[in-house]
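Everything on this sheet refers to the single structure shown next.
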Amino acid sequence: MYEGIVQDLIEELGQLPGVGPKGAQRIAFHLLAADPADVKRLAAVLQEVTEKVKFCRTCGNVAEADECRICADARRDPSVICVVEEPKDVAAVEKIREYRGRYHVLGGAISPIDGIGPDELRIRELMARLADGTVTELILATDPNLEGEATATYLARLVKPLGIRVTRPASGLPVGGELEYADEVTLGRAFEGRRQLDV
Amino acid sequence: MRDNGLVSIYRDDGIVLRSHKLGEADRIVTLLARKTGRVRAVAKGVRRTKSRFGARLEPFTHVDLLLYTGRSLDVITQAETIRPYGEPLAGDYPRYTTGTAMLETAERLTPVEKEPSLRQFLLLVGGLRALGEAEHDPRLVLDAYLLRSLAVAGYAPALEECAVCGTRADESTMLRAFGIAAGGLTCQACRMPGAATPAPATIALMTALLRGDWRYADASERRHQIECSGLTAAYLQWHLEHSIRSLRHVEHA
């Protein structure tokens, strides 16, 4: 137990995900020993983040203006929307540098056991975006786990009457992995989605 | 259980009820295991794409496990799928929501960790199998599971005698009032304020679901199935003293 402001810092750091009491103490003493200029820069960034960062009014991604840079970019294809669970999934898809469409962030996946149903996600906003007929393909890139699959099933059923092409990224064996360690469900999907080798 | 002097390793099979994210790539998995009862265990690295656990620790999966006893939580070292009950459910939204209500109920009905609950485990396996095989309406499968799991836990609703005075139903004594707090049907003298008056066919359906009379249950009318679901859900949540969050999201086909 430390006194006053040092203890306050340890307690605040301990609120962060994945940081326990010992970790919080270690970070606090690292900050106390660090160059004050570095610490001030960190404080300034934290301050700026809380003041400036908000969620894009169109897609729900993190943004510094009313719209995120992807929604504001006229070069991005407005006819394709990739639906993801969290803003960090947008960053993951952007890393492949091949996708040129837009995004829609749901804010999670349907998980009744955690009390999260369709009304708790940004599904109404997605349906509003699909209503004007601009979108021709919807890529359901929710996580390849049970909640993600069930969310994709729910959305596919909801979108079906609109006549929009609904796709889902393939699932199967990870590149660089070994076949013997693949579980039955993953291996089964990989075999289902096998493709012809044209050599 | 095998004791190697430092850590105790044990093997058991169980159904994955739910999981929570832990740290960077781990999960805390809650299981209802055949011998051990409800266990919470850490699956390290399971969220990574190349995890050796893959889809084996997804909810609904019946899995054969090797675990070691940790200080606060056990740790899963090996997992082999026995049957992935979740596979057919992910593509069928009404069955998925029904299944999650079953998993949540199983978790609530086994409040003490590592207290063996073999009958609850077997009931859950049977319920998930019936749900996946899609031979019966998911609403009926859910109600049958809820009523029977309540019965196993000691909360079976009284359907053939008055829940308060024990008078058996016969031609002279009609049991028409269903008191949630009373524990089932009551005679006119014991009727509690606010008791429901379900149709006799609804009570017959509840009895059929408790006994496993699927021929009767499958042939029952929709309005009686709806009434039965309402009574069962209210009865379950009253006696558990806890709401089952998934029930609100159960979608009927």
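All chains are named by letter (A, B, ...) in the order of the sequence lines, taking the proteins before the strands, and each is independently numbered beginning at 1. The structure presented is a predicted model; accordingly, all values stated were derived computationally and were not measured.
Residue Pro84(B) touches chain A through its side chain alone, counting heavy-atom pairs closer than 4.5 Å. Of the two parts of Phe53(B), only the backbone, made up of N, CA, C and O, holds a non-hydrogen atom closer than 4.5 Å to a non-hydrogen atom of chain A. Heavy atoms of Val175(A) lying under 4.5 Å from chain B belong exclusively to its backbone. At a 4.5 Å heavy-atom cutoff, the contact between Glu120(A) and chain B is made by side-chain atoms alone. No part of Leu89(B) comes within reach of chain A, as not one of its non-hydrogen atoms sits under 4.5 angstrom from that chain. Using a 4.5 Å cut-off between heavy atoms, Ile116(A) touches chain B through its backbone atoms (N, CA, C, O) alone. With a threshold of 4.5 angstrom between heavy atoms, Glu104(B) approaches chain A through its backbone and through its side chain. For Asp119(A), no part lies under 4.5 angstrom from a heavy atom of chain B. With a 4.5 Å cut-off on non-hydrogen atoms, Glu24(B) does not touch chain A at all.
Around CD of Glu133(B), the count of heavy atoms belonging to other residues, nucleotides or ligands within 6.0 Å exceeds 12. Counted within 6.0 Å of CD on Glu64(A), heavy atoms from surrounding residues, nucleotides or ligands total 12 or fewer; the atom is thus considered open. By the 6.0 Å contact criterion, OH on Tyr99(A) is enclosed, its count of non-hydrogen atoms from other residues, nucleotides or ligands being greater than 12. Applying the 6.0 Å contact sphere to CD1 of Ile96(A) captures more than 12 heavy atoms from other residues, nucleotides or ligands.
Residues of residues 141-168 of chain A that come within less than 4.5 angstrom of chain B, heavy atom to heavy atom, are Asn145(A), Leu146(A), Glu147(A), Glu149(A), Ala150(A), Thr153(A), Tyr154(A), Arg157(A) in numerical order.
Using a 4.5 Å heavy-atom cutoff, the side chains of Ile113(A) and Leu103(B) are in contact. Considering only heavy atoms from C-beta on, Ser51(B) stays 4.5 Å or farther from Tyr181(A) through its side chain. The shortest distance between side-chain heavy atoms of Arg83(B) and Glu184(A) does not fall below 4.5 Å.
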Apply salt bridge (charged side-chain N to carboxylate O under 4.0 Å, His left out) to the pair Asp183(A) and Arg52(B), showing each step before the final yes or no.
CA-CA 8 Å; Asp183(A) 67 281; Arg52(B) 64 202 152 93; over 6 Å; no
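Atom OG of residue Ser111(A) and atom CZ of residue Arg18(B) lie 7.5 Å apart, to the nearest 0.5 angstrom. To the nearest 0.5 Å, atoms OH (Tyr93(B)) and CD1 (Ile110(A)) are separated by 3.5 Å.
Listed here is the closest heavy atom pair of Ala182(A) and Arg56(B): O-NH2, 3.4 Å.
Between chain B and the residues Gly117(A), Pro118(A), Gly115(A), Gly188(A), the most heavy-atom pairs under 4.5 angstrom are made by Gly115(A). Between chain A and the options Ser243(B), Gly91(B), Gly86(B), heavy-atom pairs under 4.5 Å are most frequent for Gly91(B).
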